[in-house]
Amino acid sequence: MATELHIYNSLTRKKETFRPLNPPFTGLYVCGPTVYGDAHLGHARPAVTFDLVFRYLRHLGYKVRYVRNITDVGHLESDADEGEDKIAKKARIEQLEPMEVVQYYSDRYHADMEKMHVLKPSIEPRASGHIIEQIEMVKAILEAGFAYEINGSVYFDVQKYNQQFHYGKLSGRSVEEMLSSTRDLDGQEEKRHPADFALWKKATPAHIMRWPSPWGEGFPGWHLECSAMSARYLGETFDIHGGGMDLLFPHHECEIAQSNATFGKDSAQYWMHNNMITIEGQKMGKSLGNFITLREFFNGNHQKLERAFHPLTIRFFILQAHYRSTLDFSNEALEAAEKGLKRLWQAMDTLNNLPAGNASDTDVASLADKCYAALNDDFNSPVTLSYLFDTIRTINAVKDGHESLTQESIDNLKQVFKTFVIDIFGLGEPENGPSDNDQELINGLMSILLDIRQQARKNKDWDTADKLRDSLQKLNITVKDGKDGASWEITK
RNA sequence: GGUCUCGUGGCCGAGUGGCUAGGCGGUGGUCUGCAAAACCAUUUACAGCGGUUCGAAUCCGCUCGAGACCUCCA
């Protein structure tokens, strides 16, 4: 049973015991979104994955500084010189100021994240706010001799770097391979080597987002921002760097190179990569155009969606798979997730009203240990959930009088469920219903209606009873007849 | 073409040398005026072929299939 946290490190390709550099402080950096469109399901994966990491580390007592950037500049359409900045392109199309685009989509991103119970990071820096840091880093790399300037742009000299360091250590590639396999792209004649990448790009006259620099007006390269901002807020070396698997190469490989070129050492100890979400067996991504935005999931407004799904269903769906596995989207899978989540919520409800017995038939004390062991094993959320679901069977058995639990056991379970479901998994049932006053009123009215219906049922006046039930159903209120009278629930 | 990952029951998904996660669906049942909901029980599996082993879904090899990265992508 793992009592210490183990993390799969992409850099070493194995699970390692987590040992922060300066406990209890822990630094976590995750590559955030480029805000030029609404976030889609794929974006939810790293957000939820690293939200779990953030929550769990905090739960374990670490003082976590979680930095997740917003890319608002420097992210080119292609790596070639002629590439257009994604933000600027969107701004041009929509006739907006680039920062207007950034603000608009950042706000929407935040709203989506909040609905999915993704906690805000400790710091959410924007690339455009750290131009100075990036210029300083370019200077340092130039001084160290690992970059060259040409026509107002600065490129990282991969070959030279590779003589002293290992370019490709993260992605398992060699520079020689890259030479032979790199495709020919237009506009690369400036580079000395196809694998070289831009640290600073000269702005063409048409380029809107530009800043002065020692090399003339331009803008920073995409890979640079994460290196500069992580160093700024977490130091030259820090604990965990996360992101999607598709960023492993070249983005993270370049980050490692930049850090080594600047500071002579790797930035992050542990590299974590979440796997992709697929749709019909293929990666869901911007370039393939097969993505469904989170908003579309929330309102059901997409051709491929049979209906809307609650934000927390999306969250549960993601947590039900291990973060390093691909996860295939389908309506059926989401419906299954929705029902599973409901079962979880219902059990927690049941737990609050469970009658205590004199003895416990089932040992529930080990539940917490098992859950911790699963999470300590590289954040294995699906196994943790399976333990909780096993326990739900016991909870229901107690409710039905088939088994019994002592008050102590029940309190223990309440604590464990709260800890894991709400605190760590962030799956607390939302109370987005009416305010307390309104709720009291509704409860009172419902109680009157159900009384009337009960009376009708007693009189075998099925017409009245069913009419009441059907009318309430139209208001999305489901009446459930049970042994001890009827209960109701607002569905939707 | 290169690098890598993966192929688990109707579906989604864990596990990873022996003790058959879990969810959803299906089926049977409890409850019920009926229904719904809920609950209980139950069902089928490890792509194929070889090898290692007392024993493999789990290790090795091959075959077939899928995907990711190599270009922007979470």
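Letters A, B, ... are given to chains in the order of the sequence lines, protein chains preceding strands, and every chain is numbered from 1. We use all heavy atoms of the structure for the numbers below, so side chains are in, but hydrogens, waters and symmetry mates are not.
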Inset, instruction - Fill in the dot-bracket string of RNA chain B, one character per base: . for unpaired, | for a pair to another strand, ( ) or [ ] for pairs within the strand, taking Watson-Crick or G-U pairs under 3.5 Å. - result: (((((((..(((.....[...))).(((((.......)))))....(((((..]....))))))))))))....

Legend entry - Rounded interatomic separation in angstrom, taking CG from A/N290 and P from B/rG67: 12 Å

Inset, instruction - Measure from the side-chain N and O atoms of A/H43 to the backbone N and O of A/H40, and report whether any donor-acceptor pair falls under 3.5 Å. - result: yes

Legend entry - Between P of B/rG23 and CG of A/D390, the distance in whole Å: 7 Å

Legend entry - Inter-nucleotide C1' distance (B/rU27, B/rA66), Å rounded: 33 Å

Legend entry - Whole-angstrom distance between B/rA21 and B/rU16, as gauged at atom C1': 12 Å

Inset, instruction - Have a look at A/H273 and say if it touches a base, only the backbone sugar-phosphate, or nothing, with a 4.0 Å heavy-atom cut-off. - result: nothing

Inset, instruction - Kindly point out which of B/rC72, B/rG22, B/rC69 is positioned nearest to the side chain of A/F389? - result: B/rG22

Legend entry - Sugar-phosphate, base or nothing in reach of A/M245, heavy atoms under 4.0 Å: nothing

Legend entry - B/rG22 and B/rC39, which share atom name P, separated by this distance in whole Å: 16 Å

Inset, instruction - Give A/S325 one of three labels, base, sugar-phosphate or nothing, depending on what nucleic acid heavy atoms sit under 4.0 Å from its own. - result: sugar-phosphate

Inset, instruction - Pick the P atom in B/rA57 and in B/rU20, then give their distance to the nearest Å. - result: 15 Å

Inset, instruction - Determine the contact category for A/L341: base if any of its heavy atoms lies under 4.0 Å from a base atom, sugar-phosphate if only primed atoms, P, OP1 or OP2 are that close, otherwise nothing. - result: nothing

Legend entry - Interatomic distance, A/M276 CE vs B/rC69 C1' [rounded to whole Å]: 10 Å

Inset, instruction - Sticking with atom P, work out how far B/rC64 lies from B/rC54, rounded to a whole angstrom. - result: 32 Å

Inset, instruction - Evaluate the ring planes of A/Y167 and A/F197, with Trp represented by its six-membered ring, and classify them as parallel (under 30°), tilted (30 to 60°) or perpendicular (over 60°). - result: parallel

Inset, instruction - For the side chain of A/A333, starting at C-beta, report the closest nucleotide among B/rA74, B/rC24, B/rC12. - result: B/rC12

Inset, instruction - Tell me, please, whether A/Y36 has A/K286 positioned over its six-membered ring: NZ or CZ under 6.0 Å from the ring centre and within 45 degrees of its axis? - result: yes

Legend entry - Atom C1', compared across B/rG15 and B/rA45: separation rounded to whole Å: 13 Å

Inset, instruction - Round to a whole Å and report the spacing from CG of A/L288 to C1' of B/rU71. - result: 13 Å

Inset, instruction - May I have all residue pairs that pass salt bridge (Lys or Arg N to Asp or Glu O under 4.0 Å) and include part of residues 309-325 of chain A, sequence neighbours excluded? - result: A/D51-A/R315, A/R324-A/D378

Legend entry - Summary of protein contacts for nucleotides 3-10 of chain B, nucleotide by nucleotide, where a base hit scores B, a sugar-phosphate-only hit scores S (4.0 Å, heavy atoms): S-------

Legend entry - Distance, rounded to the nearest Å, where A/H322 contributes NE2 and B/rG22 contributes P: 19 Å

Inset, instruction - Only pairs at least two apart or in different chains count here, so list each salt bridge (Lys or Arg N to Asp or Glu O under 4.0 Å) that has a residue in residues 105-114 of chain A. - result: A/D38-A/R108, A/D112-A/R295

Legend entry - Inter-nucleotide P distance (B/rG2, B/rG13), Å rounded: 29 Å

Legend entry - Any residue meeting salt bridge (Lys or Arg N to Asp or Glu O under 4.0 Å) with A/E338, in chain and number order, not counting sequence neighbours: A/R307

Legend entry - Main-chain N/O of A/K467 paired to A/S471 side chain as donor or acceptor, under 3.5 Å: yes

Inset, instruction - Summarise how protein sits on nucleotides 34-48 of chain B as a single string, 5' to 3': B when a protein heavy atom is under 4.0 Å from the base, S for sugar-phosphate-only contact, - for no contact. - result: BBBSSSSS-------

Inset, instruction - Please confirm whether the backbone N or O of A/V73 pairs with a side-chain atom of A/R126, one donor and one acceptor, at under 3.5 Å? - result: no

Inset, instruction - May I ask you to say what A/K283 touches in the nucleic acid, namely base, sugar-phosphate or nothing, with a heavy-atom cut-off under 4.0 Å? - result: base

